[in-house]
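Below, read A as the first sequence line, B as the second, and so on, with proteins coming before strands; counting in each chain starts at 1. Side chains are part of it too, since the values below use all heavy atoms of this structure and drop only hydrogens, waters and symmetry mates.
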Amino acid sequence: MTETFEAGDVTLRRVREFVWEIPPEGDMRVPARVLASRPLLEQIADDRTLEQLRNTTHLPGVTDYALCMPDGHQGYGFPVGGVAGIDAENGCISPGAVGYDINCGVRMMRTDLTYDDVRGREEELVEALFDAVPTGLGGGGVVQGDAPTVEAVLERGVEWALEEGWAVEDDLTHCEDEGRRPDADPDAVSQKAKDRGRNQLGSLGSGNHFLEVQRVTDTFDAATAEAYGLAEDQVVVLIHCGSRGLGHQTCNDYLRRIEQEHADLLADLPDRELAAAPAGSELAERYYGAMCACINFAWVNRQLIMHRTREVFADVFDRPWEEMGMELLYDVAHNIAKKEVHETSAGERELYVHRKGATRAFPAGHPEVPAAYRDTGQPVIIPGSMGAGSYVLSGGEASLSETFGSTAHGAGRLMSRTQAKQEFWGGDVQDGLREGQKVYVKASSGATIAEEAPGVYKDVDEVVRVSDALGIGDKVARTFPVCNIKG
DNA sequence: ATGTGC
């Protein structure tokens, strides 16, 4: 008999280990799949995640199945951790299925330092980073951009940073799409969005965004770890942030326009938050071009923060950063929609692959993996919480057949920010991390520390275990925090 | 996530 899992009015049936399916019924165009262990499934049984996932199967052109990654939880319309491959010719594109923070993502920078080099100097380092990298809501960035600067960043991405001395050539070759989305259309980004972004170039923002100095605690795959330049005890830097007010404004601009101009499509959807523009429409093209421009902005944002971090390390350790092996390992987006060609049940199709809180995980040999990682598969960076550490995976062979080339993006929230602030007090969390785990955290707001307390997250080990077992993203290395700055 | 609302 088929094993089932009941959650409210949703019944999932087990397809095989870690694969659960909501069979199509009513206006569902395809099944919905959750990739999770039973404990992870139980953690999304009582919120809107499964209902939202089911809703996404109503989107025109959704292909084969809608998916929820192991770290999934409820979001705006479309679950965080959601993946949908939607036909780019006959389907649609949905801003809510990309997320408000366009190209929210992570980059990891290597160093040649070991934990011994930073131990005892955590406080000095965390203070220096906090002084150098703007955090929190509002304006102020590493760079104060004027209007032409914003245009250049939207158009050319990290190439702009290279020209301006904020990057080296190797940074481009170790970034998804070499740091530039060619489909970017800066004219499709509103003046209001550009104005908001102008003084936010090189700023972390708030919420779950952070910069963390970490040490590698484990390697699981010696050959891939070596190819990625990772070894136990090594110090690395992880940067998690997105496109700030510029991306947020762009998402909002297009949601409102799409709701108005494609009200007929919206009328057939179960949730207003899923508003989508039909493929081929002017608005679909404009949103795609604007989103790609925001992607470039976010890559530059992370680039500026990384380069500033190099300067901080040079200062603190009194050596040129080039002599400390401070190279970009990889930068990967986890809030994005991309035109990609995939093998589907209907044959080869060009899809808008929507990944919202999901990471692309292309395996070895895929032509879109940067040359540096063509033989190992794309690095997949999965940040965990301040108390649990993070993972580096490599894109798995099964990702292309199972998940449109995707895997998880983090530990996944267990509770809302409001609930977190009722459960935790920022100062206590900070003290506990420092005294218990030698993790030095500095934030511009105590509330943010409470909202991001380790206890508000699911078990990242369990999330990664599922990814690895399914063969969509394979374990390479694990890291643990040393010091962390956040909004 | 966000000049912390739709």
**A:Arg244 side-chain N/O to B:dT2 phosphate OP1/OP2 under 4.0 Å** = yes

**Request:** Would you check if A:Leu230 and A:Leu329 make a side-chain contact, meaning some heavy-atom pair closer than 4.5 Å?
**Result:** yes

**Value in whole Å for how far the P atom of B:dT2 lies from CD of A:Gln249** = 13 Å

**Complete:** Residue pairs passing the ring pair (Phe, Tyr, Trp, His ring centres under 6.0 Å) test with at least one member in residues 192-211 of chain A, sequence neighbours excluded, are A:His209-A:His240, A:Phe210-A:His240

**Request:** Would you kindly compare A:Arg256 and A:His248 by the position of their nearest DNA chain B nucleotide and give the one closer to the 5′ end?
**Result:** A:His248

**Item:** Euclidean distance, atom CD of residue A:Glu259 to atom P of B:dC6 [Å, nearest integer]
**Value:** 11 Å

**Side-chain donor-acceptor pair present, A:Gln303, A:Asp171, cut-off under 3.5 Å** = yes

Contacts table for residues 422-434 of chain A: side-chain donor-acceptor under 3.5 angstrom, sequence neighbours left out:
{"from": "A:Gln430", "atom 1": "NE2", "to": "A:Val441", "atom 2": "O", "distance (Å)": "2.6"}
{"from": "A:Arg434", "atom 1": "NH2", "to": "A:Glu123", "atom 2": "OE1", "distance (Å)": "3.0"}
{"from": "A:Arg434", "atom 1": "NH2", "to": "A:Glu123", "atom 2": "OE2", "distance (Å)": "2.9"}

**Request:** Measure the distance from CD on A:Glu451 to C1' on B:dT2 and round it to the nearest whole Å.
**Result:** 12 Å

**Whole-Å distance separating the CZ atom of A:Phe297 from the C1' atom of B:dT2** = 13 Å

**Message:** In this structure, how many angstroms lie between the P atom of B:dT4 and the NZ atom of A:Lys421, rounded?
**Reply:** 13 Å

**Between B:dT4 (P) and A:Tyr100 (OH): distance, integer Å** = 13 Å

**Prompt:** How long is the line joining CG of A:Leu204 and C1' of B:dT2, in whole Å?
**Reply:** 15 Å

**Request:** Identify whether any heavy atom of A:Lys192 sits under 4.0 Å from a base atom; if not, whether one sits that close to sugar-phosphate; answer base, sugar-phosphate or nothing.
**Result:** base

**Message:** Just to be sure I understand the rule, does A:Ser243 reach a base, reach only the sugar-phosphate, or reach nothing, if contact means heavy atoms closer than 4.0 Å?
**Reply:** nothing

**Asked** If you look at every strand shown and take non-hydrogen atoms under 4.0 Å, does A:Gly242 touch a base, only sugar-phosphate, or nothing?
**Response** nothing

**Spacing of A:Asp253 atom CG relative to B:dG5 atom C1', expressed in whole Å** = 16 Å

